[in-house]
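These notes are about the structure you will find just below.
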Amino acid sequence: MSNYDFSYSPDRSGSGSIKWGFMKRECPEVPADIVPLSAAEMEFPLAPAVREAMVYAAQNETPGYSWAYDEYYDSVIHWMKQRHDWEVKREWICPINGVVTAIDTVIDTIGFEGCGVIIMTPVYYPFYSSSKRNGCHTVECPLKNEHGRYSIDFDLFRQLAAQKENGILILCSPHNPVGRVWTQEELKEIAEICLQNGVFVISDEIHFDLVMPGYHHTVFSKAAPEAAEQCAICTAPSKSFNIAGLETSNLILQNEEIRNKMESSRHGAPSFLGYRACIGAYRNGSDWLDACIRVIAQNEKLVKDYIAEKLPWVTVTPLEGTYLMWLDLRKSGLKKEDLEARMKRHYLFLDEGYLFGENGEGFERMAIAVPQKVLLSALERLYEALKDFG
């Protein structure tokens, strides 16, 4: 049993939420009880540990200009050890206002004119724009999709890494949108190839706390300590505790030379409340997160069982990590524009697969960190949208 209430969804319609705002803009007549399942955000009440930390700060502290301080560093070190058995030194921690900012900043620091940035598609769409920074360009290494489960095409990856102009890999671990938690063996093979070819790894591990029962996430530099100086690990409490708006992320960078170069570049720092929320989450939020993961796992089973019964022609990619389910609707035969229009007609506001790359066309990404009644309502509308196919 859980002491936390995941049974209701706060009304965010007038709060400035981007995804709720997009929903209303795209469909002004949307009923009041519809919840968008698009952006990677939870639709649960805020974790008590985070709320209490923010309330304490508001009542007892002054939100002036802030920089990282001992309590913040200690909480990050504590969390990495407690949740990931990862020993992090204080000097490795680079506070920054977002993982995308962290990726951009590292690319700006180490990239070179004409540098190829390898990405494994379909993948989180900001990777494409991040790769364009400083004259760089994306180089796609499509994942292999075998009956709905994705794996890395290591033969292709070796070829791409061996090309001298390709100097960076952005790794998504766990992978968004396909939900893979890469095994230690897969991570070691990535590291071996990158070390052989001088490819620097930026590992986006923003979802690394959100791993389903039966799976285990390994931090890239822990899986391959020999590559620790040739990688940057991008972490944050934002997905784990649904606090993206507080703009607080923890870039972990062991390479001192790159850290020193990066310090001279311009990038945003976390907010005053962001530091406090991070400390509260990492010090006192572990039980809430465990309970939340159990709810997400139950929701995944609901999605799989419902679709298997009602829409058996839809392929559901197994969820190993994140709270994002990847649905293959290509057997509908619908073009991407028609599929998107059909979703909206049935008040389904998901992330369209084509946003994640060409090999995402015909897919939908559904955020399932929502109350079960919200998810069931969305599944019923999905059935109505797709019952004519298959």
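Keep in mind that what you see is a predicted model, and the values were worked out from it rather than measured.
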Task: Ser286-Arg83 side chain donor-acceptor pair, cut-off 3.5 Å - done: yes
- [ ] State whether the side chain of Thr248 and the backbone N or O of Pro270 hold a donor-acceptor pair below 3.5 Å, judged by distance alone.
- [x] no
Open item on the list: Quick check against the 3.5 Å criterion: does Glu165 have a side-chain atom that pairs as donor or acceptor with the backbone of Cys115?
Closed with: no
TODO: State plainly whether the residues Arg180 and Glu186 are in salt-bridge range, i.e. N to O under 4.0 Å.
DONE: yes
Open item on the list: Are the side chains of Val30 and Phe349 in contact, using a 4.5 Å heavy-atom criterion?
Closed with: yes
Open item on the list: Check this for me: does any side-chain nitrogen of one of Arg12 and Glu41 sit under 4.0 Å from a carboxylate oxygen of the other?
Closed with: yes
TODO: Kindly say whether Cys194 contributes a backbone atom to a donor-acceptor pair with the side chain of Gln230 at under 3.5 angstrom?
DONE: yes
Open item on the list: Strictly distance-based, threshold 3.5 Å: is any side-chain N or O of His175 a donor or acceptor partner for the main-chain N or O of Met120?
Closed with: yes
Open item on the list: Checking Asp351 against Ser38: is there a side-chain donor and acceptor pair closer than 3.5 Å?
Closed with: no
Open item on the list: Does any part of the side chain of Ile168, heavy atoms only, come nearer than 4.5 Å to the side chain of Ile118, both counted from C-beta?
Closed with: no
Task: Ser271 side chain to Leu246 backbone, donor-acceptor under 3.5 Å - done: yes
Open item on the list: If you take the centroid of each ring, where Trp contributes its six-membered ring, are Trp79 and Phe241 closer together than 6.0 Å?
Closed with: yes
TODO: Answer yes when Lys81 and Asp85 have at least one side-chain N-carboxylate O distance shorter than 4.0 Å, and no when they do not.
DONE: yes
- [ ] Please answer whether the main-chain N or O of Ile206 pairs with a side-chain N or O of Asp204 as donor and acceptor at a distance below 3.5 Å.
- [x] yes
Open item on the list: Under the ring-ring contact (aromatic ring centres under 6.0 Å, His included) test against Tyr275, which residue among Tyr69, Tyr73, Tyr282 passes?
Closed with: Tyr69
TODO: Inspect the contact between Lys188 and Glu192 and indicate whether a charged nitrogen and a carboxylate oxygen are less than 4.0 angstrom apart.
DONE: no
Open item on the list: Against Glu71, only a single residue in Arg90, Arg276, Arg283 fulfils salt bridge (Lys or Arg N to Asp or Glu O under 4.0 Å); can you say which?
Closed with: Arg276
TODO: For the residue pair Glu205 and His217, confirm or rule out a side-chain donor-acceptor distance under 3.5 Å.
DONE: yes
- [ ] Name the orientation class of the two ring planes belonging to Tyr4 and Trp288 (parallel below 30°, tilted from 30 to 60°, perpendicular beyond 60°).
- [x] perpendicular
TODO: For the residue pair Asn197 and Arg158, confirm or rule out a side-chain donor-acceptor distance under 3.5 Å.
DONE: no
Open item on the list: More than 12 heavy atoms of other residues, nucleotides or ligands under 6.0 Å from CZ of Phe389: yes or no?
Closed with: yes
Task: Sub-6.0 Å ring centroid separation between Tyr125 and Tyr128 - done: no
Task: Distance-only donor-acceptor check, side chains Trp326 and Tyr150, under 3.5 Å - done: yes
Open item on the list: Let me check something: do Phe112 and Ile103 share a hydrophobic cluster, defined by ILVMFWY side-chain heavy atoms less than 4.5 Å apart, either directly or through other members?
Closed with: no
Open item on the list: Main chain of Gln254, side chain of Arg259: is a donor-acceptor contact present, judged purely on distance under 3.5 Å?
Closed with: yes
- [ ] Would you please say whether a donor-acceptor pair under 3.5 Å links the side chains of Asn250 and Tyr72?
- [x] yes
TODO: Give a yes or no on whether a salt bridge exists between Lys336 and Glu340, defined as a side-chain N under 4.0 angstrom from a carboxylate O.
DONE: no
